[in-house]
Number of protein chains: 2
Amino acid sequence: MSPRDTEVTDQVTDVCPVRDLLDRIGSKWTVQVIEALAGRTLRFTELERAVDGVSRRVLVRTLRALERDGLLRRTVHPTVPVTVEYALTPLAAGLGGPLTALADWARTHRADMVSARRAYDAAAARPALSGDPA
Amino acid sequence: MSPRDTEVTDQVTDVCPVRDLLDRIGSKWTVQVIEALAGRTLRFTELERAVDGVSRRVLVRTLRALERDGLLRRTVHPTVPVTVEYALTPLAAGLGGPLTALADWARTHRADMVSARRAYDAAAARPALSGDPA
DNA sequence: CGGTATCCCTGCAGATACTG
DNA sequence: CAGTATCTGCAGGGATACCG
């Protein structure tokens, strides 16, 4: 078997390119990693601190997935204790545009979604009443 | 306890609006449901057939999540057997823009990602070799 | 320093039977 | 017709100890 990992999920996901991409950027830490690496190069430990909250294992998995998709470049410097640098590729830079558009939309309409949720939850709280529940 | 469901995940997700949105559109069937409802109104069973592959329970959950976020409007017609219609809200229509941009990017750069994966997987297959592995 | 190996736990998703 | 109830499975994520 492959010596890498048993948890390889992304094998036959290419049914729809959109779903495929969403599986990537939808995974919990991917976007934060991309943001952390926007315009700069970081080493593993720096990344670990920059993303903050992510566990080692998961961070590694996230980085590997991004690297595998050609969005991330991993450079190993054979120094005394090994040094590894991570940087986004031009491909990832191109993704930045659509991603930012989505982020902007999210921020702009955040209030709408929050209030919609409130309304929905409130409606769910009163099954079949029109007057004051209390 | 709330009579709706025990599996309410989306309670305190508002740390980051982007993550929040990605949790929504990142869930497996959301985008397909949005696509299915683009510009038209469908009933539950129609939706079930349009999305194809989704199970009842999951479809309902997807619809509820979208409705809760104000992206979907659910209309119940008190006919003999009850009739329910689903339609996107203007809010969802606005989301269509950024989402399409992302989809376009995904389609455009699909080949890049696929070849990147091939290269990555090929490299992983030969741990420390330069010649022919066979 | 930059990972891997190992273990656990939760939640999403799938399938299906049942119901107002 | 449009769901809910129930059970199951499994991948994603988390924590941490260990290693070259």
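The chains referred to below are lettered A, B, ... by the order of the sequence lines, with proteins before strands, and numbering in each begins at 1. Note that the structure is a prediction, hence the values are computed from the model and not measured.
Rounded to an integer number of Å, the gap from R61(B) CZ to dT4(D) P is 11 Å. Atom CG of L42(A) and atom C1' of dC1(C) are 15 Å apart (whole Å). For the pair H77(B) NE2 and dG20(C) P, the computed distance is 23 Å after rounding to whole Å. Across the protein-nucleic acid pair, E46(A) atom CD and dC1(C) atom P stand 10 Å apart, rounded to whole Å. The separation between L22(B) atom CG and dG13(D) atom P is 12 Å, rounded to whole Å. Across the protein-nucleic acid pair, R56(A) atom CZ and dT6(C) atom P stand 17 Å apart, rounded to whole Å. We find that CD of Q32(A) is positioned 15 Å from C1' of dG14(D), with the value rounded to whole Å. A straight line from NZ of K28(B) to C1' of dG9(D) spans 13 Å, rounded to a whole angstrom.
Residue Y86(B) has no polar side-chain atom (N or O) positioned under 4.0 Å from OP1 or OP2 of dC1(D). For dG12(D), neither phosphate oxygen OP1 nor OP2 lies less than 4.0 angstrom from any side-chain nitrogen or oxygen of W29(A). Checking the phosphate oxygens (OP1, OP2) of dG3(C), a side-chain nitrogen or oxygen of R74(A) falls inside 4.0 Å. When the side-chain nitrogen and oxygen atoms of R64(A) are compared with OP1 and OP2 of dT4(C), one or more of them lie within a distance under 4.0 Å. For R43(A) and dG2(C), the shortest distance from a side-chain N or O to OP1 or OP2 is below 4.0 Å.
Every ring-ring contact (aromatic ring centres under 6.0 Å, His included) that W105(B) has, sequence neighbours left out, goes to H109(B).
When the nucleotides dC1(D), dG14(C), dG3(C) are ranked by their closest atom to the side chain of T45(B), dC1(D) comes out on top.
The salt bridge (Lys or Arg N to Asp or Glu O under 4.0 Å) test with D20(B) is passed by exactly one of K28(A), R110(A), R107(A), R117(A): R117(A).
Residues V31(A) and L42(A) fall within the same hydrophobic cluster, defined by Ile, Leu, Val, Met, Phe, Trp and Tyr side chains chained together at heavy-atom separations under 4.5 Å.
Remark: side-chain polar atoms of T89(A) are paired, donor with acceptor, to backbone N or O of G70(A) under 3.5 angstrom. Using a distance-only test at 3.5 Å, with no hydrogens or angles considered, a donor-acceptor pair links the side chain of E46(A) to the main chain of R43(A).
Counting non-hydrogen atoms under 4.0 angstrom, T79(A) reaches nothing in the nucleic acid.
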